[in-house]
Structures are given as structure tokens and as C-alpha cells.
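For reference, the structure discussed in these notes is given below.
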Amino acid sequence: MASTTKEIASEIPNIIKHYKDGTVERFFGFPYVPPSLDDPQTGVSSKDITISHNPLVSARLYLPQNKSQKLPILVYFHCGGFCVESAFSSIHHRYLNRLVSEAQVVAVSVEYRLAPESPLPAAYEDCWTALQWVASHSIHQDGTSHKEPWLVDFGDFDRLYIGGDSAGGNLAHNIAMKAGAESLNGGVKILGAILSHPYFWGSKPIGSEPKGEDIEKSGQYLCWNFVYPGADGSIDNPLINPMVSGAPSLAGLGCSRLLVCVAGKDELRDRSVWYYDLVKESGWKGEAELFEVEEEGHCFHILYENETENVAKMIKRLAAFLV
């Protein structure tokens with residue numbers, strides 16, 4: 001009798017499997033939730049929009065209750081190792097409601113394509129497309145029927161921010177680097193970037209990172225090779241290791257302000273602090289800040305259902321940056 005067991009092409013154990021017949025099985029991820037025109041906890045409104053049809057790029061927009069003046073704009077990139085999670089998942093919806101309410105910003109949470117169905121660099125391309133779409137709303141033309149009214153009516157394009165957590169923090173770094181080399185629509189500039197618990201890695205361990213044979217067994221190593229199997233340099237590609245020899249200078253970051261957030265119990269902490277130090281030493285002309293919550297782990301402020309003291313502290317720090 002023939003076996004019905006499908007052959008695995010690649011996998012991240014306990015997270016995702018990609019089978020040779022092209023199907024994908026995900027074992028991690030939170031349920032999708034719909035947008036709301038009046039979140040009961042925060043009063044924040046949200047709605048889903050389509051940015052591009054081919055490839056499909058969409059987003060969830062958030063608007064706070066107080067709309068008496070123009071508000072900063074945050075283009076946000078969600079976490080999930082480039083292969084799981086969504087802008088529409090319950091944890092990101094809850095988190096963006098909290099952040100938008102505290103910071104009083106218009107937020108655009110980007111739904112980018114995931115690996116392995118769309119391997120990297122697809123996510124980078126989608127996030128750049130989304131940022132350019134947001135920036136296009138700064139251009140005043142007769143007739144705005146094709147424009148998103150929440151951005152036109154309430155967005156302050158002199159206060160445009162990008163940010164993300166984990167893989168989203170990696171996306172924010174690389175989008176800021178691209179913005180340093182290429183112009184945004186309407187000549188808009190990124191005022192600030194938030195890299196929260198950013199997903200950076202490399203073949204040479206630093207600090208508390210796995211060493212020796214454990215390097216290639218680490219989740220960070222396995223994840224990168226799963227989501228970008230054709231990357232030049234593998235785990236030392238500048239997209240995942242911007243500190244590697246030969247990578248573009250961090251002085252090229254296309255923003256004026258930078259906030260790097262780390263957590264004391266996060267395996268990504270040491271490399272993120274190193275990144276912050278190297279940015280400051282690079283000759284970059286902007287203002288860099290580092291914020292650490294010592295007793296917490298990776299993306300705690302998103303994963304915790306209740307707004308603990310440290311979650312509130314984290315969100316208040318982010319809000320203080322988004323001014």
C-alpha cells in the first residue's frame with residue numbers, strides 16, 4: 001500500500017513545514033480578527049484597504065478618537081519571522097489599538113507577503129510599495145477619489161515614521177536604508193524609525209548568542225535559511241546582518257531619528273545593542289536612542305494579553321518617540 005506521508009522540502013521545527021508538493025502547514029499563529037470602527041477598549045477606529053493588486057499588498061489602517069489636528073503617521077511592519085503572523089491577527093490588532101490610542105497617530109499596518117509562498121525579498125518589496133503609497137498621499141492633485149481619506153485628512157507628512165518588531169524591525173531597518181538611497185513620493189522624508197527587538201543575526205556569535213555547532217541549530221539561523229534560501233552570504237547577507245564586513249554603511253539610514261528597543265531576556269538583545277552602537281559610530285547624522293526593559297522577553301509587549309506595567313511602560317516609550 002502506498003504511503004500517504006508527504007515529503008518535506010524545508011521546515012522550521014514546530015513553526016512551519018513546506019512540502020515538496022508546494023503546500024504549507026503552519027503550526028504557529030494567532031487568529032485573524034476583523035477591523036472595528038470603535039474599539040471598545042481604546043475607541044480607536046480601524047479598516048482594511050488594498051494597496052496593490054499585483055502583487056497583493058494590503059493594510060489595516062488605524063485612527064484615534066481625537067482627530068482635531070493633523071497627526072503623525074506610522075507605517076508599521078508586523079513580526080513573525082517573515083513566514084507567520086499577519087497585520088490582521090488578534091495580537092497585532094490589540095497592540096496597534098493600544099499604541100495608536102497612546103501615541104495619537106494614524107497607523108498603516110502592512111500585510112506583506114510571507115515565505116515560503118513568497119520568499120524574501122518579497123516582504124521588503126511589499127513594505128517599500130506600501131511606504132511609497134503612503135507618501136503619495138502628500139501630493140496634492142485635483143480629485144482625490146483614489147486617495148485614502150484617513151491619510152489625506154488626518155496625516156501629517158512632515159511626521160512620517162516607520163517601525164516594526166522582530167522581523168518587522170528588520171524590515172524597518174532595511175526600508176530606512178533604501179529610503180536613504182532612493183526618494184519617496186512627493187519628496188517625503190522619514191522622520192523616525194523604530195526597531196523593536198529587531199531580527200538581526202550572523203555567523204559570528206556575539207554576547208550570549210549560540211556558539212559552535214549550536215549556531216546552525218538556532219531558530220534564527222533556521223528561520224533565515226527557510227525564508228530566504230537563495231540569499232547571497234546566507235546568514236551574513238546584509239539584509240539580516242547589517243553589521244557584516246562589506247555591508248552598506250549604517251550612515252546611510254534615511255531617517256532623522258532612530259529608536260532601538262531591546263528586552264533583557266531576548267536572545268536578539270546583544271546584537272541589537274551592537275547595532276545601536278555601530279549606528280552611533282557610523283557617522284550617521286541623526287539622533288539614536290536605546291530603550292531596554294530588562295526583565296522581559298522577545299516581543300512581550302505584543303504577546304501579553306493584559307496591559308502589564310512593563311507593557312504600559314513600553315508603549316508609553318514608543319508613544320513619546322512618535323511626536
Side-chain angles (χ1 to χ4, degrees), residues 33-52 57-78 86-88 92-112 126-165 168 171-172 175-176 179 183-194 196 254-257 259 302 315-323:
V33 294
S36 170
L37 286 178
D38 185 14
D39 176 64
Q41 276 74 47
T42 63
V44 170
S45 299
S46 55
K47 65 179 176 181
D48 296 342
I49 55 96
T50 299
I51 292 171
S52 165
V57 183
S58 55
R60 179 160 292 179
L61 273 58
Y62 294 84
L63 191 66
Q65 276 186 316
N66 180 17
K67 302 179 286 291
S68 59
Q69 58 188 1
K70 291 282 189 174
L71 303 170
I73 301 166
L74 170 64
V75 181
Y76 177 78
F77 313 124
H78 69 79
S86 166
F88 310 134
H92 289 106
H93 185 69
R94 179 181 64 216
Y95 171 56
L96 265 295
N97 277 327
R98 288 172 174 170
L99 180 58
V100 166
S101 176
E102 182 69 33
Q104 294 295 296
V105 297
V106 182
V108 181
S109 183
V110 181
E111 180 73 346
Y112 53 84
D126 293 352
C127 292
W128 182 252
T129 295
L131 182 60
Q132 286 283 28
W133 174 82
V134 170
S136 73
H137 288 74
S138 69
I139 303 171
H140 300 290
Q141 298 172 326
D142 293 335
T144 57
S145 59
H146 65 293
K147 300 278 190 177
E148 169 47 52
W150 286 9
L151 290 172
V152 172
D153 295 342
F154 305 114
D156 181 351
F157 290 90
D158 290 328
R159 293 186 289 167
L160 175 65
Y161 293 85
I162 62 173
D165 297 86
L171 285 161
I175 294 300
S183 297
L184 289 173
N185 288 324
V188 172
K189 303 294 184 183
I190 300 172
L191 179 55
I194 297 171
S196 175
C255 55
S256 301
R257 300 173 61 217
L259 175 62
I302 298 174
I315 290 178
K316 284 183 182 297
R317 183 64 184 85
L318 297 173
F321 183 79
L322 296 167
V323 294

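Index from 1, following the sequence. This is a predicted model, so every value here is computed, not measured.
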Distance col, row Tyr95:OH vs Ile315:CD1, nearest 0.5 angstrom, shows 6.5 Å
> Any side-chain heavy atom of Arg159 within less than 4.5 Å of one from Ile73?
Replying inline: no
In short, Asp38 meets Gly43 closest at the heavy-atom pair OD1-CA, 3.3 Å
Nearest heavy-atom approach of Pro64 to Val44 is CA-CG2, 4.3 Å
Heavy atoms of Val110 and His78 approach each other most closely as O-CD2, 3.5 Å
Review point. Any donor and acceptor pair, going by atom type alone, linking the side chain of Asn185 with main-chain N or O of Ala135 inside 3.5 Å?
Key: no
Checklist entry - Mind checking whether Leu184 and Trp128 have side chains closer than 4.5 Å, heavy atoms only? => result yes
Review point. Taking side chain as C-beta onward, heavy atoms only, is Ile190 less than 4.5 Å from Val75?
Key: no
Worksheet item: Does Leu191 reach the side chain of Ser256, with side-chain heavy atoms less than 4.5 Å apart?
Response: yes
In terms of heavy-atom contacts, Ala319 and Leu99 come closest through N-CD1, 4.4 Å
### Message
If you apply the rule side-chain contact (heavy atoms from CB on, under 4.5 Å), what do you find for His92 with Ser86, and how did you get there?
### Response
CA-CA 8 Å; His92 289 106; Ser86 166; over 6 Å; no
CD1 (Ile51) and SG (Cys127) are apart, to the nearest 0.5 Å, by 9.0 Å
* With a 6.0 Å cut-off on ring centres, are Tyr161 and Phe321 close enough? -> yes
Between the CG atom in Leu322 and the CG atom in Leu71, the distance rounded to the nearest 0.5 Å is 11.5 Å
Problem set entry | Side-chain (Lys70) to main-chain (Phe157) donor-acceptor, under 3.5 angstrom | no
Nearest heavy-atom approach of Leu37 to Ser45 is O-OG, 2.6 Å
When rounded to the nearest 0.5 Å, the distance separating CZ of Arg257 from CD1 of Ile194 is 8.5 Å
Yes or no on side-chain contact (heavy atoms from CB on, under 4.5 Å) for Glu102 and Lys316, after CA distance, side-chain angles and deciding distance? CA-CA 7 Å; Glu102 182 69 33; Lys316 284 183 182 297; 3.5 Å; yes
message = Taking the side chain as everything from C-beta on, heavy atoms only, tell me whether Glu148 gets closer than 4.5 Å to Leu61.
response = yes
Here the pair of heavy atoms bringing Ile162 nearest to Ala176 is CD1-N, 3.9 Å
message = Less than 4.5 Å apart, side chain to side chain, heavy atoms only: is that true for Ser109 and Tyr62?
response = yes
With side-chain contact (heavy atoms from CB on, under 4.5 Å) as the test, would you mind laying out the steps for Val33 and Arg60 before giving the verdict?
CA-CA 11 Å; Val33 294; Arg60 179 160 292 179; 3.9 Å; yes
Just wondering, are more than 12 heavy atoms of other shown residues or ligands nearer than 6.0 Å to NZ in Lys47? yes
Rounding to 0.5 Å, atoms CD1 (Ile175) and CG (Asp126) come to a distance of 9.5 Å
Output for pair (Ser196 OG, Asp165 CG), nearest 0.5 Å, gives 3.5 Å
Exercise. Does any non-hydrogen side-chain atom of Trp133 lie less than 4.5 Å from one of Ile49?
Worked result: yes
Practice task
Verify, without hydrogens or angle tests, whether Ser101 (side chain) and Arg98 (backbone) share a donor-acceptor contact under 3.5 angstrom.
Solution key: no
Show your working on side-chain contact (heavy atoms from CB on, under 4.5 Å) between Glu111 and Val57 and close with a plain yes or no.
CA-CA 6 Å; Glu111 180 73 346; Val57 183; over 6 Å; no
